[in-house]
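A quick write-up on the structure given underneath.
Indexing begins at 1, ligand by ligand and atom by atom, following the structure's order.
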Amino acid sequence: MKTQVAIIGAGPSGLLLGRLLELQGIDNIIIEAKSPDYVLSRIRAGVLEQGLQNLLREAKVNQRMEKEGMVHDGFALTFSGREERIDLKAHTGGKTVMVYGQTEVTKDLMEARTASGSVTFYEAEDVTPHDMYTDTPSVTFKKDGKQHTIECEYIAGCDGFHGIARQSIAADAIKIFERVYPFGWLGILSRTPPVSHELIYANHERGFALCSMRSAMLSRYYVQCSLEDKTEAWSDERFWDELRARLPEKTATALITGPSIEKSIAPLRSFVAEPMQFGNLFLVGDAAHIVPPTGAKGLNLAASDVYTLYHILRKRYKEGRLDLIKKYSEICLRRVWKAERFSWWMTSILHKFSDDPFNQRIQEAELSYYTSSEAGRTTIAENYVGLPYEIIE
Ligand code: APR
Ligand code: PHB
């Protein structure tokens, strides 16, 4: 089999890249280790920056998002028993974010790919990239007991944090930057109306909490928990009590609770692999970097990598611009590190790192300072709505 771009991984990165290339007539094949149902069963954050919304529009998969997505022009920070709203729109010249689940984005992209007839191999085993430092790379895999080879010009490693693309690179060719946080997030989904029409990020001496949503009747809530915690130890009742304890009184009183329909614990990590490209193999999204979810940047950062690679490949195939190919990593990393910084910062001011009350007061002072200053609010708002994409020229 032959194609122009072999894409490893059918998460949001791989599917979005594949769709954008396909609309430009650039042939691509996706090779995914899991089944479509498994890919769609993962529940993840759902705050879309305008850059990602525009990319989904360009990919012509925006119909359901425009209908069901919820535009948010602000969010709240709570600390010291008070609530401060960050007006995203007012501080960014009119920018907003859209709340629309990542699972829905993935579903829309999968449906578009099925309708277009582009080739995808699901449940592929032993996926292996080869010869990425040559002009004739390839990807091999097994499917239903048969061995396959895809000859290609470029390989996009869109296979997430545990994927094979990054792991296939010699350890001395790659530099890893990492921070693992000493806590996790316990999240639940419940068929209840959200406590507020906007997201609430709570700093509290008992630990962080987040009130989010998927729709008018579907809420997503999180509390910071210990890494040793098990979901079985958290009854719904214990979860709701803990959430209420971490919210200002007015919000806690307004909270409507119900049975959870999903409950899971996720660790928090900051991670960057440099460079993001090895000859004709590019790392895209979680394959190259992870952010803690506090800034809602994971999917958005994957989208800016996709934007960069899509435009570089478009210029390569439409204008013969081979010079841009080598620039992928440096262009991506400039934005990646800024989003890493914001996600790390949001994590550090909102979570409980120790029992030291000094730390708690410093966090409260920092939140109070930022929210009482125009400059502070602007800094938070412009990072939250997403820093601009670098135009590829
Ligand atoms: N071969 C083929 N596919 C693989 C392999 C492999 N060896 N290893 C992993 N995959 C697949 C996974 O099954 C998954 O479907 O690659 C896909 C990677 O998808 P994601 O992990 O969702 O990563 P990505 O597409 O980059 O999505 C961006 O940013 O932080 C986040 O939550 C956000 O998941 C979102 C991500
Ligand atoms: C979510 O709704 O799952 C969510 C929202 C915002 C975040 C993280 C997760 O920062």
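- Remark: aromatic rings of Tyr307 and His311 are close, center separation under 6.0 Å.
- For ligand 1, the atoms sitting less than 4.0 Å from at least one non-hydrogen atom of Ile164 are 7 (N), numbered in the order shown with element in parentheses.
- Contacts between Glu32 and ligand 1 below 4.0 angstrom, taking non-hydrogen atoms only, involve backbone and side chain alike.
- Those atoms of ligand 1 with a heavy atom of Gly163 less than 4.0 angstrom away are 8 (N).
- Nearest protein heavy-atom neighbour of atom 33 (C) of ligand 1: Gln102 OE1, 3.2 Å.
- Near Ile31, the atoms of ligand 1 lying under 4.0 angstrom from a non-hydrogen atom of the residue are 2 (C), 3 (N).
- Atom 26 (O) of ligand 1 has as its closest protein heavy atom Ser13 OG, 2.7 Å.
- The protein atom (non-hydrogen) at minimum distance from atom 28 (C) of ligand 1 is Ala302 CB, 3.6 Å.
- Looking only at protein heavy atoms, the nearest one to atom 2 (C) of ligand 1 is Ala33 N, 3.3 Å.
- Protein heavy atom closest to atom 19 (O) of ligand 1, with residue, atom name and distance, is Gly11 CA, 3.5 Å.
- Of the heavy atoms in Val291, none comes closer than 4.0 Å to ligand 1.
- If you check which protein heavy atom lies closest to atom 22 (O) of ligand 1, you get Arg44 NH1, 2.7 Å.
- For an aromatic pair to be called close, the ring centres must be under 6.0 Å apart, and Trp345 with Tyr370 satisfies this.
- Taking the six-membered ring for Trp and the full ring otherwise, Phe75 and Tyr384 have centroids separated by under 6.0 Å.
- Proximity of Cys158 to ligand 1, defined as any heavy-atom pair under 4.0 Å, is confined to the backbone N, CA, C and O atoms.
- Listed by chain and residue number, the protein contacts of ligand 2 are Ala45, Val47, Trp185, Leu199, Tyr201, Leu210, Ser212, Arg214, Arg220, Tyr222, Pro293, Thr294, Ala296 (heavy atom within 4.0 angstrom).
- Among protein heavy atoms, atom 16 (O) of ligand 1 sits closest to Asp159 CA, 3.2 Å.
- The atoms of ligand 1 that sit less than 4.0 Å from any heavy atom of Ile8 are 1 (N), 2 (C).
- Of the heavy atoms in Asp286, both backbone and side-chain atoms come closer than 4.0 Å to ligand 1.
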